[in-house]
Protein chains: 2
Amino acid sequence: MILKSQVEWALHCCAILSGLPEGRYLSTKALAELHGLPKEYLSKALQSLSQAGLVHTTLGPSGGYRLARPPAEVSFLDIVEAVEGSGRTFVCNNIRANNPCRPKGFCDTGPCAVARVMWQADEAWRNTLRGVTMADLGQTLSQEIPPDIWSGTFAWVLKRAG
Amino acid sequence: MILKSQVEWALHCCAILSGLPEGRYLSTKALAELHGLPKEYLSKALQSLSQAGLVHTTLGPSGGYRLARPPAEVSFLDIVEAVEGSGRTFVCNNIRANNPCRPKGFCDTGPCAVARVMWQADEAWRNTLRGVTMADLGQTLSQEIPPDIWSGTFAWVLKRAG
DNA sequence: TTAAATAGGGATATCTTGTATCCTTAATAG
DNA sequence: CTATTAAGGATACAAGATATCCCTATTTAA
């Protein structure tokens, strides 16, 4: 059970978009070059973000993506769910209902005990991701990346931002 | 990102094995019938449990599986990891290292900030699963399943246990 | 001693999902 | 008008999940 690599891509792209000045846009091409990713396929991940309403887009030259909300209002969970879907990692096929010792329909009253525990773990996972935003990530990054490299990347992005 | 159905199977099988009297064994065939599962394929899941040391096996007629440890010492996490592996759900491909603005080798000092957050969520997931044992599950089940059905299944199992 | 039942595991087949590329369309800026 | 962009459909390929079959060694029961 491994998350798609698109999740990683989307997170890093949103991190970059978080540093983009108000009203500027960054294209798929620029994001792909910056991360060394296949442009066409990265585009699919960005489309997922768009459909989820996390980013805003414009067409034409100088077009591209920007965050649709302030970085403090975009959580890891938002991004992960946009790409990976919001379904649970554990699917209960209710195999307890196949137990020949149980009357038909007996197991229709609610989710089984096994599923409840697994879903509880899912919730713990989600809660952690819900608690970290792009603003938090930006703060962390700005602290652990040397100022010259940080501003170098910033300049690189601005040169390509429409 | 969905867990294999074998995880569900393994959990339910261990729940049954938890109720097995000391020294008795239950075969793949019986476990497959009880849950309505393909015997041959379920066997693969049980082999995973065996390789992880969670269950003990015997050969021959009246052979099968029993828990290798007391139910209170077998956690959900043990079983999930036995089937699904103990790797992280988020794989960091270190795409930040492709950033043309960063000197080569700059990103070798440790995991990136994005991965650290994702791994923190993984840990929250694991911690939840580590905190629930087969003994806990047995208690829950015995409380929510009517006594007659509970003992009916128990009798069914004993009739087939070697 | 023999026969039946068992776990273990290898080989294979199929289906789903993830990954990746290509192409067309509509919109937009210069 | 032209170049550039996002969106999305079609397709191809690789990897993983699901499932079945078959063979072997072992052990119990008759």
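Naming: A, B, ... by sequence-line order, numbering from 1 per chain.
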Legend entry - Interatomic distance where CG belongs to L49(B) and C1' belongs to dG8(C) [whole Å]: 14 Å
Legend entry - Carboxylate-amine/guanidinium proximity below 4.0 Å for E33(A) and K39(A): no
Legend entry - Under-4.0 Å side-chain N/O to phosphate OP1/OP2 contact, S27(B) with dA5(C): no
Inset, instruction - Describe, in one word, how the ring planes of H56(A) and Y25(A) are oriented to each other, choosing from parallel (under 30°), tilted (30 to 60°) and perpendicular (over 60°). - result: tilted
Inset, instruction - Considering just the side-chain nitrogens and oxygens of Y41(B), establish if one lies under 4.0 Å of OP1 or OP2 belonging to dT20(D). - result: no
Inset, instruction - With heavy atoms under 4.0 Å as the rule, sort G64(B) into base, sugar-phosphate or nothing. - result: sugar-phosphate
Inset, instruction - Choose from dG8(C), dG8(D), dG10(C) the nucleotide whose nearest atom is closest to any side-chain atom of K44(A). - result: dG8(D)
Inset, instruction - Please state how far atom NZ in K39(B) lies from atom C1' in dG8(C), giving the value in whole angstrom units. - result: 12 Å
Inset, instruction - Show your working on salt bridge (charged side-chain N to carboxylate O under 4.0 Å, His left out) between R116(A) and E123(A) and close with a plain yes or no. - result: CA-CA 10 Å; R116(A) 291 204 304 273; E123(A) 267 316 294; over 6 Å; no
Give each protein N/O atom lying under 3.5 Å from an N/O atom of nucleotides 24-30 of chain D, with the pair distance.
none

Inset, instruction - Would you mind classifying the nucleic acid contact of Y25(A) as base, sugar-phosphate or nothing, using non-hydrogen atoms under 4.0 angstrom? - result: nothing
Legend entry - Integer-rounded Å distance: dC22(D) P and E40(B) CD: 10 Å
Legend entry - Test side-chain contact (heavy atoms from CB on, under 4.5 Å) applied to V74(B) and V55(B), L49(B), I79(B), L137(B), the passing residue: I79(B)
Inset, instruction - Return the value, rounded to whole Å, for the distance between atom CH2 of W9(A) and atom C1' of dG18(C). - result: 10 Å
Inset, instruction - State whether Q51(A) places a side-chain N or O below 4.0 Å from either non-bridging phosphate oxygen (OP1 or OP2) of dA7(D). - result: no
Inset, instruction - Using a 4.0 Å heavy-atom cut-off across all strands, classify T28(B) as base, sugar-phosphate, or nothing. - result: sugar-phosphate
Inset, instruction - Mind calculating the distance between CD (Q47(A)) and C1' (dA10(D)) to the nearest angstrom? - result: 14 Å
Legend entry - N127(A) side chain to R130(A) side chain, donor-acceptor N/O pair below 3.5 angstrom: yes
Legend entry - Interatomic distance, K4(A) NZ vs dG18(C) P [rounded to whole Å]: 5 Å
Legend entry - Side-chain (N99(B)) to main-chain (R96(B)) donor-acceptor, under 3.5 angstrom: no
Legend entry - Between C1' of dA6(D) and CG of L54(A), the distance in whole Å: 16 Å
Inset, instruction - Go through the steps for R126(B) and E81(B) under the test salt bridge (charged side-chain N to carboxylate O under 4.0 Å, His left out), then give the verdict. - result: CA-CA 9 Å; R126(B) 290 184 143 71; E81(B) 284 193 336; 3.1 Å; yes
Inset, instruction - State whether S43(A) places a side-chain N or O below 4.0 Å from either non-bridging phosphate oxygen (OP1 or OP2) of dA7(D). - result: no
Legend entry - Between P of dG9(C) and CG of L42(B), the distance in whole Å: 15 Å
